[in-house]
Amino acid sequence: MSDEVRLTDVDLSRTWPGDLVMPQCRGRCPERAGRLEEWLPVTDFDVALRIHAASHLTGRFTLRSGRPATEYFDKYRFEADPVLLDEIARQMAPLVPSGTEVLAGLEMGGIPVVTALGRHTGLPCAFVRKRAKPYGTCRLAEGAEVEGRRVLIVEDVVTSGGQIVLSTADLRGLGAQVGEALCVIDREQGGADALAAQNIELLSLLTAEDLRAAAATDR
């Protein structure tokens, strides 16, 4: 009998936290039995579908603009799911540019993302405040030192890119070398162009179009 596990050897009846599946072997199992993606790799579309399922809310909402809405995308829902966030970080890890020395997560949505990404890359993390605290160490960037190091900005969702522009200016002022930003979702609302104007390349795991495609299949 072959040591390889076939799909017919896997019992898909048991669910793993976060809707992943823990395969159960009926025949001979490899020593590294674990999540389903060890046999069937999780795709970007799968992640988009799961983010949409976790974060798409319906009801009555007031948007930042003041307009009413019956649908709302709550990004903190996918960030609060540890299994989903771990999978997102695993997918993002290959997008980290070669030579990156520090991952810098922006307050506050970028903090859980950068922490998960640091686990998958082994790179040290800095946590970047919108403004330095006026007490204690009075630091703008907590955690890893950024001076003289190649720093990758990490954010959850990018819309206009305004906060990345501001935080990049602050980090460059501290001596960091910043040339790229990596986000989970690019909403494709001008953020990439705004960052390019500041010599920052925007990298993203998913785009708004990816989420729209996932939403269409989830109806």
Enquirer: Should side-chain heavy atoms under 4.5 Å link Ile, Leu, Val, Met, Phe, Trp and Tyr, which residues sit in the same cluster as Val165?
Expert: Val102, Leu106, Val128, Leu140, Val146, Val151, Ile153, Val158, Ile164, Leu171, Leu174, Val178, Leu195, Ile200, Leu202
Enquirer: Which residues pass the ring pair (Phe, Tyr, Trp, His ring centres under 6.0 Å) test with Tyr76, not counting sequence neighbours?
Expert: none
Enquirer: Quick test of your reading: applying salt bridge (charged side-chain N to carboxylate O under 4.0 Å, His left out), list the pairs with at least one residue in residues 150-177, sequence neighbours left out, ordered by first then second residue.
Expert: Lys75-Asp156, Arg150-Glu180
Enquirer: Mind checking ring pair (Phe, Tyr, Trp, His ring centres under 6.0 Å) for His120 and listing every partner two or more places apart, or none if nothing turns up?
Expert: none
Enquirer: Going by salt bridge (charged side-chain N to carboxylate O under 4.0 Å, His left out), name the pairs with one or both residues in residues 103-127, residues two or more places apart or in two chains.
Expert: Asp86-Arg119
Enquirer: Apply salt bridge (charged side-chain N to carboxylate O under 4.0 Å, His left out) to Glu101 and list each qualifying residue two or more places apart in sequence or on a separate chain.
Expert: none
Enquirer: For Thr58, enumerate each residue passing the side-chain contact (heavy atoms from CB on, under 4.5 Å) test, keeping only those at least two apart in sequence or located in another chain.
Expert: His56, Glu71
Enquirer: Applying side-chain contact (heavy atoms from CB on, under 4.5 Å), name anything that partners Thr62, two or more places apart in sequence or on another chain.
Expert: none
Enquirer: Kindly say whether Gly59 contributes a backbone atom to a donor-acceptor pair with the side chain of Thr70 at under 3.5 angstrom?
Expert: no
Enquirer: State which residues pass ring pair (Phe, Tyr, Trp, His ring centres under 6.0 Å) with Phe45; sequence neighbours excluded, sorted by chain then number.
Expert: none
Enquirer: Can you tell me which residue pairs pass the salt bridge (charged side-chain N to carboxylate O under 4.0 Å, His left out) test with a partner in residues 137-147, sequence neighbours excluded?
Expert: Arg129-Glu142, Lys133-Glu142, Arg139-Glu145
Enquirer: Scan for side-chain hydrogen bond (donor to acceptor under 3.5 Å, both in side chains) pairs involving residues 183-198, sequence neighbours excluded, and state none if there are none.
Expert: Thr159-Arg187
Enquirer: With sequence neighbours excluded, tell me which residues meet side-chain contact (heavy atoms from CB on, under 4.5 Å) with Arg60.
Expert: none
